[in-house]
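Okay, structure first, notes after.
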Amino acid sequence: MNKQQDTITLVNKDGRSIVFDIIAGIKIDSGFYLITTTNDPEVQLDEGEALVFKVVKKLLSNKESYELETDDAVLDKVFAEYDRLLDAQ
């Protein structure tokens, strides 16, 4: 993902592409996370909800993949850092 990119497209298990809008990129510890949202009807999010994906770099190909983050402790850190950055502006 380059720094100008404001969306990512992921493919679900049925082979359907889903576009996610990137709200923010957050570095926590040794990981990098994307806070995202989507208007895709297949992904049921309430208003104001977001999904967090961990960016995983594949060393041999230098390509990125994205893993849905489900660890509550990591999610708390990501959103705390996001709130801190917003407050600093």
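- Applying the under-4.5 Å side-chain rule to Ile, Leu, Val, Met, Phe, Trp and Tyr, the cluster around Val19 consists of that residue alone.
- Separating the CD1 atom in Ile8 from the CD1 atom in Ile18 is a distance of 10.5 Å, to the nearest 0.5 Å.
- Just one residue in the list Asp72, Val78, Asp76 forms a side chain to side chain contact (heavy atoms under 4.5 Å, CB included) with Val74, and that residue is Val78.
- Listed by chain and residue number, Thr9, Val11 satisfy the side chain to side chain contact (heavy atoms under 4.5 Å, CB included) test with Ser17 (two or more places apart in sequence, or in another chain).
- Leu75 and Val55 end up in different hydrophobic clusters when Ile, Leu, Val, Met, Phe, Trp and Tyr side chains are linked at under 4.5 Å.
- Here ring-ring contact (aromatic ring centres under 6.0 Å, His included) pairs that include residues 45-64, with residues two or more places apart or in two chains, are Phe20-Phe53.
- Not counting sequence neighbours, Asp71 has no partner by the salt bridge (charged side-chain N to carboxylate O under 4.0 Å, His left out) test.
- Screening residues 19-36 for side-chain hydrogen bond (donor to acceptor under 3.5 Å, both in side chains), with sequence neighbours left out, gives Asp29-Lys77.
- Considering CD1 of Ile22 and CD1 of Ile35, their distance stands at 11.0 Å, rounded to 0.5 Å.
- Closest approach of Asp40 to Thr38, counting heavy atoms only: N-OG1, 3.1 Å.
- Criterion: ILVMFWY side-chain heavy atoms under 4.5 Å apart, direct or through other members. Under it, Leu68 and Leu10 are part of a common hydrophobic cluster.
- Applying the salt bridge (charged side-chain N to carboxylate O under 4.0 Å, His left out) test to residues at least two apart or on different chains, the pairs with a partner in residues 78-89 are Glu81-Arg84.
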Using residues 42-52 as the side-chain source, report each donor-acceptor pair under 3.5 Å to any protein atom, sequence neighbours left out, with the distance given to one decimal.
from	atom 1	to	atom 2	distance (Å)
Glu42	OE1	Asn12	ND2	3.4
Glu42	OE1	Arg16	NH1	3.1
Glu42	OE2	Asn12	ND2	2.3
Glu49	OE1	Asp46	N	2.6

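- Residues forming a salt bridge (charged side-chain N to carboxylate O under 4.0 Å, His left out) with Lys57 (at least two apart in sequence, or on another chain): Glu64.
- For the ring pair (Phe, Tyr, Trp, His ring centres under 6.0 Å) test, no residue two or more places apart in sequence or in another chain qualifies with Tyr82.
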